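The next block holds one structure in the form of structure tokens; read it before the comments.
What you see is a predicted model, and the numbers here were worked out from it, not measured in a lab.
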Amino acid sequence: MGISNVNAGALRLRWWYLFFFAAVALVIAAFSFDADVQHWIAAHQNPTAKKFMRGVSHFGDWPEHVVVGILLASVSWACGSKRWARVFLAMIIACAIAGAAARVVKIATGRARPAAQTGAGWNGPRFSTTYNAFPSGHTAASTAFFVTLALASWRVGLATLTIPALVAASRMYVAAHFFSDVLCAALLGIICAWAVWHRMLHAPPGEQAQRAR
């Protein structure tokens, strides 16, 4: 049993190393392609698509996610499913943590949004939304919300991961964020989701065996 636990711990550590180095590589690549992605989006603007993306961006913020989570948790509890009520509560908590963390970082960094006319780049602490580009709060909150669901149940949650992807795309399309803003926000959301899932929903092997009986 001891050797098995050591091997499992080593495997988890290797996955964390892999995730870390992959994340660093993705972030570096994202910053390198910021200008190219923004130019491509600007060259492919479409009135219908822009209207749709504005709608996605508007309804893809954290309050809408929280409301959906509360409704689902309430229905699950009323139906007697404490497990799913706990899952939806975990989704709300992950969403809130990711959104709050993104808010702190974006105020501290003061990165100008793509649509900003002045002060391009990084400007230090700023409360103005014009300089709150990095990272995307919409993307961080949505990613944390739905990745928590996917970790709790891949069968249910896998398809819903298209929602945070669409939210991220909408934020770039309406010139609210750069590619690196949404990518880093997605990574932040994944980390918050994993932390909440591991704390609230992940059962140790022994407990999993007891539940299976």
> Could you give the distance from CZ (F88) to CD1 (I70), rounded to the nearest 0.5 Å?
Replying inline: 13.0 Å
>> Strictly distance-based, threshold 3.5 Å: is any side-chain N or O of D34 a donor or acceptor partner for the main-chain N or O of F179?
In response: yes
>> Among L89, L151, T148, exactly one meets side chain to side chain contact (heavy atoms under 4.5 Å, CB included) together with L201. Which residue is that?
In response: T148
> Is it true that M91 and I93 fall in one hydrophobic cluster, defined by side-chain heavy atoms closer than 4.5 Å?
Replying inline: yes
> Are the side chain of N123 and the backbone of G110 linked by a donor-acceptor contact shorter than 3.5 Å?
Replying inline: yes
> If you measure from OG on S74 to CG on L71, what distance do you get to the nearest 0.5 Å?
Replying inline: 6.5 Å
> Would one find more than 12 heavy atoms of other residues, nucleotides or ligands at under 6.0 Å from atom CZ of F31?
Replying inline: yes
>> Tell me whether the rings of W197 and W194 are parallel (<30°), tilted (30 to 60°) or perpendicular (>60°).
In response: tilted
>> Just verifying a value: how many Å separate C192 SG and L187 CG, rounded to the nearest 0.5 Å?
In response: 11.0 Å
>> Given 3.5 Å as the limit, does a donor-acceptor pair link the side chain of H177 with the main chain of A133, or not?
In response: yes
> Do V104 and Y131 sit in the same hydrophobic cluster, where Ile, Leu, Val, Met, Phe, Trp and Tyr count as joined when their side-chain heavy atoms come under 4.5 Å apart?
Replying inline: no
> Which pair of heavy atoms, one from A140 and one from A98, lies closest together, and at what distance?
Replying inline: O-CB, 3.5 Å
>> I'd like to know if the side chain of H39 and the backbone of A35 have a donor-acceptor N/O pair within less than 3.5 Å.
In response: yes
> Can you hop from F59 to M53 via hydrophobic side chains spaced under 4.5 Å?
Replying inline: no
>> Tell me if the CH2 atom of W77 is crowded by more than 12 foreign heavy atoms within 6.0 Å.
In response: no
>> So which atom in A102 and which in G137 form the shortest heavy-atom distance, rounded to 0.1 Å?
In response: CB-CA, 4.0 Å
> Hey, does the side chain of N46 reach the backbone of H44 with a donor-acceptor pair shorter than 3.5 angstrom?
Replying inline: no
>> Using only atom types and a distance under 3.5 Å, with no angle test, would you say the side chain of S142 pairs donor to acceptor with the backbone of H138?
In response: no
> Which atom names give the shortest non-hydrogen contact between A186 and T139, and what distance separates them?
Replying inline: N-CG2, 4.0 Å
>> Using every non-hydrogen atom in the two residues, find where V196 and A90 come nearest and quote the distance to one decimal.
In response: CG1-O, 3.4 Å
> What distance separates Q45 CD from W40 CH2, expressed to the nearest 0.5 Å?
Replying inline: 9.5 Å
>> Using the rule given for ring-ring contact (aromatic ring centres under 6.0 Å, His included), can you reason through W122 versus F134, listing the C-alpha separation, both sets of side-chain angles and the distance that settles it, and then say yes or no?
In response: CA-CA 9 Å; W122 308 83; F134 181 86; 5.3 Å; yes
>> Given 3.5 Å as the limit, does a donor-acceptor pair link the side chain of T160 with the main chain of G157, or not?
In response: yes
>> Does any part of the side chain of V27, heavy atoms only, come nearer than 4.5 Å to the side chain of C184, both counted from C-beta?
In response: yes
> Can you list the steps and then say if D181 with S136 is a side-chain hydrogen bond (donor to acceptor under 3.5 Å, both in side chains)?
Replying inline: CA-CA 5 Å; D181 297 333; S136 166; over 6 Å; no
>> Using side-chain contact (heavy atoms from CB on, under 4.5 Å), reason through R126 and I107 one step at a time and then give a plain yes or no.
In response: CA-CA 5 Å; R126 292 287 190 279; I107 290 175; over 6 Å; no
> Hey, mind stepping through S180 and R111 against side-chain contact (heavy atoms from CB on, under 4.5 Å) and telling me if it holds?
Replying inline: CA-CA 11 Å; S180 56; R111 189 184 196 185; 2.8 Å; yes
> With ring centroids as reference points, do H65 and F146 lie under 6.0 angstrom apart?
Replying inline: yes
> What do the steps show when you test D61 against R103 for salt bridge (Lys or Arg N to Asp or Glu O under 4.0 Å), and what is the final call?
Replying inline: CA-CA 13 Å; D61 206 354; R103 182 65 178 166; over 6 Å; no
>> Please check: side-chain N/O of S170 versus main-chain N/O of V167, any donor-acceptor pairing under 3.5 Å?
In response: yes
>> Starting from W154, can I reach M200 by hopping between I/L/V/M/F/W/Y residues whose side chains sit under 4.5 Å apart?
In response: yes
> How far does NZ of K82 sit from OG of S76, to the nearest 0.5 angstrom?
Replying inline: 13.0 Å
>> For Y173 versus A49, what's the shortest heavy-atom pair and its separation?
In response: OH-CB, 3.5 Å
>> Which heavy atom of L183 sits nearest to which heavy atom of L26, and what is that distance?
In response: CD2-O, 3.2 Å
> CD1 of I163 to OG1 of T143: how many Å apart, nearest 0.5 Å?
Replying inline: 11.0 Å
> Do the ring centers of F145 and W62 come within less than 6.0 Å of each other?
Replying inline: no
>> Between R113 (side chain only) and N132 (backbone N and O only), is there a donor and an acceptor less than 3.5 Å apart?
In response: yes
> Is there a side-chain contact between M172 and F178 (heavy atoms, below 4.5 Å)?
Replying inline: no
>> Membership question, hydrophobic clusters at under 4.5 Å side-chain separation (ILVMFWY): are V68 and V75 in the same one?
In response: no
